[in-house]
Amino acid sequence: MVLWVFGYGSLVWNPGFDFDERIVGFIKDYRRVFDLGNSCFLAYRIFIGVTCEVFYRIIFPSSSAACIDHRGTPANPARTCTLESKSKAVCWGAAYCVKGGQEKEQAAMQYLERRECEYDTKVFVDFYKEDDPFKPAITGVLVFISTPDKEANRYYLGPAPLQDMARQIATASGPCGNNRDYLFLLEKAMLEIVGNIERINAGHEDARVIELANEVRKVLAKLKEKKITSPRISTKSHLPRINIACLPETAVASSR
């Protein structure tokens with residue numbers, strides 16, 4: 001048996017598991033949306049500097065279901081990709097093949113179950129390549145998606161205006177990095193897949209990734225400008241200066 005997994009978010013540029021083959025292509029009747037929340041509790045602050053894997057091994061030493069991909073906090077969750085069912089839509093990405101035995105497939109699935117824990121639904125779809133968009137190149141490809149219901153899936157944020165999403169993505173960050181880096185890396189990956197930005201601007205199915213990334217850049221530019229032009233607050237104290245004489249060494253009490 002062979003396992004095929006379709007990546008349309010961070011899996012496109014950072015699969016994180018051992019695979020044997022990678023094929024660029026697309027699936028049909030789904031479109032990519034940034035409607036899924038991605039956050040972690042604030043305890044991560046004491047572990048700044050460690051990798052995501054190490055962080056979650058410390059926090060969840062015995063849990064195989066602990067998420068290992070967080071770019072936000074509960075107060076300011078990140079927005080990451082999920083798929084929305086839509087007739088005649090197309091979503092580009094990469095399909096990964098894992099073969100070599102049940103043990104290797106189980107290791108990949110255990111990793112993906114932790115990493116994709118915000119996605120509460122698994123579906124199997126047909127995968128197509130550009131050179132033959134009508135005949136499936138692979139059937140039964142596994143895809144992680146989320147239920148578009150805030151009650152059924154606590155990570156689901158739902159749609160929002162482009163400007164609101166851009167502000168959220170520009171400012172959210174967590175133990176695995178900034179939300180904006182997630183978007184910019186996805187943008188870079190999509191440009192590599194599609195070939196050039198002119199093709200995307202000409203009406204490519206994933207043009208919204210580029211549009212959202214450009215809107216985030218506008219927000220970042222405004223935040224930078226605001227930071228530069230904001231008045232500096234003096235750190236000088238208005239309290240009278242007090243000279244404190246050092247105590248002689250003999251006055252220091254022993255702690256023994």
Side-chain angles (χ1 to χ4, degrees), residues 1-38 64-65 67-71 78-99 102 104-130 132-150 152-159 176 182-183 185-187 189-190 192-194 204-209 212:
M1 185 178 179
V2 176
L3 172 67
W4 281 94
V5 181
F6 179 69
Y8 56 90
S10 60
L11 289 178
V12 176
W13 74 84
N14 181 30
F17 60 92
D18 188 16
F19 63 91
D20 298 280
E21 186 178 0
R22 179 182 185 270
I23 302 176
V24 169
F26 61 91
I27 63 174
K28 296 181 179 181
D29 298 325
Y30 286 97
R31 70 170 185 171
R32 187 184 353 249
V33 292
F34 288 81
D35 294 351
L36 193 65
N38 184 281
S64 62
C67 300
I68 56 175
D69 185 14
H70 286 288
R71 294 177 179 270
R79 275 190 176 267
T80 53
C81 292
T82 184
L83 294 180
E84 179 181 77
S85 178
K86 185 179 181 181
S87 178
K88 298 182 180 181
V90 167
C91 179
W92 285 78
Y96 296 92
C97 177
V98 179
K99 53 188 176 182
Q102 185 177 4
K104 188 175 180 180
E105 291 179 22
Q106 286 180 344
M109 280 302 300
Q110 287 176 358
Y111 170 81
L112 289 168
E113 291 281 1
R114 296 197 309 271
R115 175 169 171 168
E116 308 293 277
C117 66
E118 295 98 340
Y119 302 86
D120 60 337
T121 303
K122 302 182 189 71
V123 296
F124 292 90
V125 300
D126 293 335
F127 178 83
Y128 299 82
K129 294 197 297 184
E130 187 174 21
D132 192 350
F134 302 105
K135 181 181 179 181
I138 311 165
T139 60
V141 178
L142 174 64
V143 186
F144 289 83
I145 64 176
S146 62
T147 303
D149 187 318
K150 294 180 180 180
N153 184 349
R154 63 191 179 95
Y155 294 104
Y156 182 72
L157 298 177
C176 292
Y182 170 94
L183 175 60
L185 287 169
L186 177 60
E187 177 192 35
M190 294 312 302
E192 292 174 353
I193 286 175
V194 176
H204 191 268
E205 295 84 356
D206 289 303
R208 188 165 177 79
V209 175
L212 181 57

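Everything numeric in this text was worked out from a predicted model, so none of it was measured. Scope of the values below: all heavy atoms of this structure, side chains included, with no hydrogens, waters or symmetry mates. Numbering of residues begins at 1 and proceeds along the displayed sequence.
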Supply the atom-to-atom distance [X] [atom1] to [Y] [atom2], rounded to the nearest 0.5 angstrom.
{"X": "R31", "Y": "S85", "atom1": "CZ", "atom2": "OG", "answer": "10.5 Å"}
{"X": "C91", "Y": "E84", "atom1": "SG", "atom2": "CD", "answer": "11.5 Å"}
{"X": "C81", "Y": "Y119", "atom1": "SG", "atom2": "OH", "answer": "6.5 Å"}
{"X": "K99", "Y": "E21", "atom1": "NZ", "atom2": "CD", "answer": "5.5 Å"}
{"X": "R208", "Y": "M190", "atom1": "CZ", "atom2": "CE", "answer": "14.5 Å"}
{"X": "D120", "Y": "T82", "atom1": "CG", "atom2": "OG1", "answer": "8.5 Å"}

Test item: [X] and [Y] side chains (from C-beta on) under 4.5 Å apart, heavy atoms:
{"X": "W4", "Y": "L142", "result": "no"}
{"X": "V209", "Y": "W92", "result": "no"}
{"X": "F34", "Y": "L183", "result": "yes"}
{"X": "P148", "Y": "D35", "result": "no"}
{"X": "M109", "Y": "E105", "result": "no"}
{"X": "I27", "Y": "L83", "result": "yes"}

Got a donor-acceptor contact below 3.5 angstrom from the [X] side chain to the [Y] backbone?
{"X": "D29", "Y": "S87", "result": "no"}
{"X": "T147", "Y": "A152", "result": "no"}
{"X": "K28", "Y": "P133", "result": "yes"}
{"X": "K150", "Y": "L157", "result": "yes"}
{"X": "R32", "Y": "Y8", "result": "yes"}
{"X": "N153", "Y": "E118", "result": "yes"}
{"X": "Y96", "Y": "V12", "result": "yes"}

Indicate the atoms forming the closest heavy-atom contact of [X] with [Y], along with that distance.
{"X": "Y30", "Y": "V125", "value": "CE1-CG1, 3.9 Å"}
{"X": "F127", "Y": "V141", "value": "CB-CG2, 3.8 Å"}
{"X": "I138", "Y": "A95", "value": "CD1-CB, 4.5 Å"}
{"X": "A108", "Y": "F17", "value": "CB-CD1, 4.0 Å"}
{"X": "G158", "Y": "R79", "value": "O-NH1, 2.9 Å"}
{"X": "Y111", "Y": "P15", "value": "CE2-O, 3.4 Å"}

- Message: Could you check whether atom NZ of K104 has more than 12 heavy atoms from other residues, nucleotides or ligands sitting under 6.0 Å from it?
- Response: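 Buried by this count: over 12 neighbours within 6.0 Å.
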- Using the benzene-type ring in the case of Trp, are the ring centres of Y182 and W13 under 6.0 Å apart? yes
